[in-house]
Trainee: 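Sharing a structure here in structure tokens format.
Every chain is numbered from 1 and lettered A, B, ... according to where its sequence line falls, protein lines coming before strand lines.
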Amino acid sequence: MDTKNIHATDHSRVIIHIDIDCFYAQVEMIKNPELRNIPMGVQQKNVVVTSNYIARETGIKKCMLLEDALRICPKIVLVNGEDLHDYRQISYKVTTHLQKYSSQVERLGLDENFLDATSLVETKLKSKHENITAKGHIFGNNENNCDCGCQLRLTVGSEIAQEIRDSIRHEFQLTCSAGIAHNKLLAKLVGAKHKPNQQTLLYPNSTCELLYQLQNVVDIPGIGRAMGDMLKNLGVSTIRELQHLNFDKLKFAFGEEKAKLIQNLSNGIDNSPVKSSGKPTSIGLEDSCRNITAIGEVKDKLNQLMNRLMVLVSEDGRIPRTIKLTIRKFDSISKMSNRESRQTNITTSLFTVKSNSIELQQKSAQRLTSTIMTLFTKMVDVHKPYHITLLGLSFTKFLERMNGKSSITSFFRKNVEVQSITNIENKNDLTTSPMECTPFSYDLSGSESEFEPSPKKTKFSKLIAKRRCFEADDCPSPSKLKVADLRLSSAKNVSSDSSDSKNSFSDDNSNSICCPPNVDAAVFKEIPKELQQEVWNDYKREMNEKQEQKLQPVIKKPKTNTLLNYFLKN
DNA sequence: ATGGGTCCT
DNA sequence: AGGACCC
């Protein structure tokens, strides 16, 4: 049986693509409402990356050179948008909001999300059979005569999309556009048909009409420049040509998998699932530069990058476990993308974790720098002349902080900062999904203000119900785990014998339980004995770790048999 | 173009 | 580690 036909007629899903209109510009208008009524552009370097719609009426386009923009619209007010902090923050709030509608929400950049609304639609259809009317635009002129039930499902999908857009407007004062279709590719393509602040629904019968409106194969998301160039060499530039290209030729050029994939795309077939996005899997920065030739300059640039990067890591709240250095060597025939990179693991103990920040203290910074320079020398022979035109650093393999304030110890802790990852407090306190946070507010001045801890009593009752656990981000199914459940601390992990069981509260190796000096003794007295035990064990472990750090500042920690290490190795 | 990211090999 | 893709 031809699998192509199976896929071609599979309209079982309902996918909504949501694209926030001129996202950066909208954020800037929220921050400064005076910008709403005047032409305004967001500037990064010498480029106006986006603009509000008043500016667009004058002819300003996305990613226009500053010079051109000013010529077209001398009155345009420019806002610097190089600091992505606020955009990133609001972007994640929107995604988190969307997760209330579906567990399957996939981010694409800061301003786009796919949402799989299939089950939402099915649920809605069970209770509602009347008054189902398509919301927004419907693409195309074809009669829909598919009998698989997709028309009804997609129509309900358009109602849901409308609700979602309304809710985004209410919650965030952001307008967005949406596309509704039976797969991601088509949802994205059709959503672009009416913007801003509109939505478009595609029934499968109009798929070809939609595809044929594209000028070139590279207008299909998923077919990029590289494939576009190769296709061009095969004499293929239009969608039609790709659809009809001999499959063996395609297979020869791209291999069977890729060939099938892109030919499917050219037919509007896209079975890729909406993948739930969590927090970013990497956080990095890179700077292109002219001709760095001296090691001092390299170190300098890298230090600057690291300082900026630590701000991002601190905002993110997780502890990175690998670092990657990327360089670009000058190349006379500078074929782009001649980047090289090397990565290595780093120890979590490098990072000083405070209640609301993650920092690198001087010695750690020095250690990191030397680690990075080691990576550098793996790519560059520093004894010979060299020139570097780009330097980049990025962190990956993050360790999710347990929700710090859900740590028993940190819950009782007085305001004492302790240098240990077992003592992490997460600013996204008591959230219930990897990205969830407290209700949105436009106070962008300080992230902390948005993450006020819950009252102690609430927290306490939640806490004693929780099991201890924690999560490295590369562990499976992050979306199923609640951040509030994530715990790094574990009472008996101090012990290094091999009989550990992961969740046991008691059987400490020392008998007496005391109130740690950084815990309120009055509170300590009131809590159940098991909890006292755990608090005490937490404290002891912290002390042990501090000792370790002092005694073995550089040497790699021995693998003691702790829960932490059990998960860390990998 | 640049500077973020993701996923696949 | 690199490449291709996305915005």
Trainee: Nearest whole angstrom, please: distance from the C1' of B/dG3 to the NZ of A/Lys301.
Mentor: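 In whole Å, B/dG3 C1' and A/Lys301 NZ are 14 Å from each other.
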
Trainee: Take atom CG of A/Asn113 and atom C1' of C/dC6, then tell me their distance rounded to the nearest Å.
Mentor: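 One finds 14 Å between C1' of C/dC6 and CG of A/Asn113, rounded.
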
Trainee: For A/Ile223, answer base if it contacts any base atom (sugar-phosphate contacts may also be present), sugar-phosphate if it contacts only those atoms, and nothing otherwise; contact means non-hydrogen atoms under 4.0 Å.
Mentor: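 Counting heavy atoms under 4.0 Å across all strands, the contact made by A/Ile223 is with sugar-phosphate only.
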
Trainee: With A/Gln199 as reference, evaluate A/Arg165, A/Lys193, A/His17 under the side-chain hydrogen bond (donor to acceptor under 3.5 Å, both in side chains) test and give the passing residue.
Mentor: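 Option passing the side-chain hydrogen bond (donor to acceptor under 3.5 Å, both in side chains) with A/Gln199: A/Arg165.
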
Trainee: Between P on C/dC7 and NZ on A/Lys184, what's the gap in Å once rounded to a whole number?
Mentor: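 Between P of C/dC7 and NZ of A/Lys184: 12 Å.
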
Trainee: Name each donor-acceptor pair under 3.5 Å that joins a side chain in residues 386-394 of chain A to protein atoms two or more places apart or in another chain, with its distance.
Mentor:
residue, atom, partner, partner atom, Å
A/Tyr386, OH, A/Ile295, N, 3.2
A/His387, ND1, A/Asn291, OD1, 3.1
A/Thr389, OG1, A/Arg328, O, 3.3
A/Thr389, OG1, A/Arg328, NE, 2.7

Trainee: Whole Å only: how far is the NZ atom of A/Lys62 from the P atom of C/dC7?
Mentor: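 It is 9 Å, rounded to the nearest whole Å.
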
Trainee: Indicate, with a heavy-atom threshold strictly under 4.0 Å, whether A/Asp111 touches base, sugar-phosphate, or nothing.
Mentor: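 Contact class for A/Asp111: sugar-phosphate only.
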
Trainee: Can any side-chain N or O of A/Thr50 pair as donor or acceptor with the backbone N or O of A/Tyr24 at less than 3.5 Å?
Mentor: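 No: the side chain of A/Thr50 does not pair with the backbone of A/Tyr24.
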
Trainee: With sequence neighbours excluded, what pairs up with A/Asp111 under the side chain to side chain donor-acceptor pair (under 3.5 Å) test?
Mentor: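 A/Asp111 satisfies side chain to side chain donor-acceptor pair (under 3.5 Å) with no other residue.
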
Trainee: Could you please name the option among B/dT2, C/dC6, C/dA1 that lies closest to any side-chain atom of A/Ser341?
Mentor: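 Output: C/dA1.
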
Trainee: What pairs with A/Phe139 under ring pair (Phe, Tyr, Trp, His ring centres under 6.0 Å), at least two apart in sequence or on another chain?
Mentor: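 Per chain and number, A/Phe139 pairs via ring pair (Phe, Tyr, Trp, His ring centres under 6.0 Å) with no residue.
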
Trainee: Which part of the nucleic acid, if any, lies within contact of A/Lys45, taking any heavy atom under 4.0 Å across all strands shown: a base, the sugar-phosphate backbone alone, or nothing?
Mentor: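 Sugar-phosphate contact only.
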
Trainee: Would you indicate what A/Leu325 reaches in the nucleic acid, counting non-hydrogen atoms under 4.0 angstrom: base, sugar-phosphate, or nothing?
Mentor: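 Nothing, no nucleic acid heavy atom in range.
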
Trainee: Roughly, in whole Å, what's the span from NZ in A/Lys61 to P in B/dA1?
Mentor: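 Whole-Å distance recorded here is 21 Å.
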
Trainee: Whether A/Arg342 contacts C/dA1 is assessed here as follows: a side-chain N or O lying under 4.0 Å from the phosphate OP1 or OP2. Is that the case?
Mentor: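 So the side chain of A/Arg342 is within the cut-off, an N or O lying under 4.0 Å from OP1 or OP2 of C/dA1.
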
Trainee: Output yes when at least one side-chain N/O atom of A/Lys188 is less than 4.0 Å from OP1 or OP2 of C/dC7, else no.
Mentor: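 Looking at the OP1 and OP2 atoms of C/dC7, one of them is under 4.0 Å from a side-chain N or O of A/Lys188.
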
Trainee: Between atom CG in A/Asn338 and atom C1' in C/dA1, what is the gap in whole Å?
Mentor: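 It is 14 Å, rounded to the nearest whole Å.
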
Trainee: Rounded to the nearest Å, what distance is computed from the NZ atom of residue A/Lys329 to the C1' atom of nucleotide C/dG2?
Mentor: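 A/Lys329 atom NZ is separated from C/dG2 atom C1' by 14 Å.
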
Trainee: What does A/Gln343 touch in the nucleic acid at a heavy-atom separation under 4.0 angstrom: a base, only the sugar-phosphate, or nothing?
Mentor: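 Since only primed, P, OP1 and OP2 atoms lie under 4.0 Å of A/Gln343, the category is sugar-phosphate.
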
Trainee: Which of these nucleotides, C/dC7, C/dA4, B/dG3, is closest to any side-chain atom of A/Leu108?
Mentor: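 Per side-chain heavy atoms of A/Leu108, the pick is C/dC7.
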
Trainee: Whole Å only: how far is the CE atom of A/Met230 from the P atom of C/dC5?
Mentor: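 For the pair A/Met230 CE and C/dC5 P, the rounded distance is 10 Å.
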
Trainee: Take nucleotides 4-9 of chain B nucleotide by nucleotide from the 5' end and write B, S or -, depending on whether a protein heavy atom sits under 4.0 Å from the base, only from the sugar-phosphate, or from neither.
Mentor: SSS---

Trainee: Can you name the ring pair (Phe, Tyr, Trp, His ring centres under 6.0 Å) partners of A/His97, sequence neighbours left out?
Mentor: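 Ring pair (Phe, Tyr, Trp, His ring centres under 6.0 Å) list for A/His97, sorted by chain: A/Tyr101, A/Phe172.
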
Trainee: Going by side chain to side chain donor-acceptor pair (under 3.5 Å), name the residues that satisfy it together with A/Thr293, two or more places apart in sequence or in a different chain.
Mentor: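 None.
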
